[in-house]
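Heads up, the thing below is written out as structure tokens.
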Amino acid sequence: QVQLVESGGGSVQAGGSLRLSCAASGRTASSYGMGWFRQGPGKERDFVASINWNGFITTYAESVKGRFTISRDNAKNTVYLQMNSLKPEDTAIYYCAARYSSAYSYAPAPSGGSTYDAWGQGTQVIVSS
């Protein structure tokens, strides 16, 4: 079982950048598909981006394509979300998640949050206009 800890959230003005990190514990953490999700005020949790175990396959929500980049460093058991050109509508709590059944998979990690097995506690991102 893996434990996930997010960091890097904060407050930024529109147009700014932040990089979120998700540190995973557990000797098999580097084998899992990983995803980033977010939940804005009064909204449901939405998919943001996913990455397969070796980082070769990434997927993004349409709303963040071209602005956000997901990556991973398996030597550090860490997944990143680089967020550029931030907008007020990006304000949310951001969560990372691990999907055990995507271990060593060359298929895209899915966008459905219910298919993920472990979640972090979240990190707050606030974008002001």
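Since we're looking at a predicted model, the values are computed, not measured. Quick note: numbers below take in every heavy atom, side chains included, and nothing from hydrogens, waters or symmetry partners.
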* Going by atom types only, do Asn52 and Ser105 share a side-chain donor-acceptor pair under 3.5 Å? -> no
* Is Ile51 reachable from Val2 through a run of I, L, V, M, F, W or Y residues, each pair having side-chain heavy atoms under 4.5 Å apart? -> yes
* **Under the side-chain hydrogen bond (donor to acceptor under 3.5 Å, both in side chains) test, residues paired with Arg19 that sit two or more places apart** => none
* Heavy-atom check, side chain of Ser17 versus side chain of Gln82, under 4.5 Å -> yes
* **Exceeds 12 heavy-atom contacts within 6.0 angstrom, atom CD of Gln13** => no
* Leu20 vs Val125 side-chain heavy atoms within contact, under 4.5 Å -> yes
* Side-chain heavy atoms of Cys22 within contact of Trp36, under 4.5 Å -> yes
* Asked: What about Phe37 and Phe47, are their ring centers closer than 6.0 Å?
  -> yes
* Partner set under side-chain contact (heavy atoms from CB on, under 4.5 Å) for Ser63, not counting sequence neighbours -> Arg38, Ala61
* Do the side chains of Asp73 and Tyr80 get nearer than 4.5 Å, heavy atoms only? -> yes
* To do: Tell me who clusters with Tyr104, hydrophobic residues only, linked when side chains sit under 4.5 Å apart either directly or through other members.
  => Trp53, Phe56, Ile57, Tyr106
* Asked: Does a side-chain heavy-atom distance below 4.5 Å link Asp90 with Arg67?
  -> yes
* Looking at Thr59 and Pro108, what are the two nearest heavy atoms and their distance? -> CG2-CB, 3.6 Å
* Structure fact -> Which of Asn77, Val79, Thr78 passes side chain to side chain contact (heavy atoms under 4.5 Å, CB included) with Ser30? It is Asn77
* Interatomic spacing from OG in Ser129 to CG in Leu86 - rounded to 0.5 Å -> 13.0 Å
* Structure fact -> Scanning both residues in full, the closest heavy-atom pair of Thr28 with Ser31 reads O-OG, 2.6 Å
* Ignoring hydrogens and angles, tell me if any N or O in the side chain of Arg99 forms a donor-acceptor pair with the backbone of Thr115 under 3.5 Å. => yes
* Nearest heavy-atom pair of Met34 and Ala109: which atoms, and what distance? -> O-CB, 4.2 Å
* Looking only at atom types and distance, does a side-chain atom of Thr91 sit under 3.5 Å from a main-chain N or O of Ile126, one as donor and one as acceptor? -> no
* To do: Look at the side chain of Ser25 and the backbone N and O of Gln3, then say whether any donor-acceptor pair between them is shorter than 3.5 Å.
  => yes
* Asked: Does any N or O in the side chain of Glu6 come within less than 3.5 Å of the main-chain N or O of Gln121, such that one atom is a donor and the other an acceptor?
  -> yes
* Take the angle between the ring planes of Tyr94 and Phe68 and call it parallel below 30°, perpendicular above 60°, tilted in between. => tilted
* Within the side chain of Tyr116, is there an N or O that forms a donor-acceptor pair under 3.5 Å with the backbone of Pro110? -> yes
* Asked: Backbone N or O of Ile70 within a donor-acceptor pair of the Tyr60 side chain at under 3.5 Å?
  -> yes
* Nearest heavy-atom pair of Gly120 and Tyr95: which atoms, and what distance? -> O-CD2, 3.6 Å
* In Å, rounded to the nearest 0.5 Å, how long is the span from CG of Asn84 to CG of Leu18? -> 9.5 Å
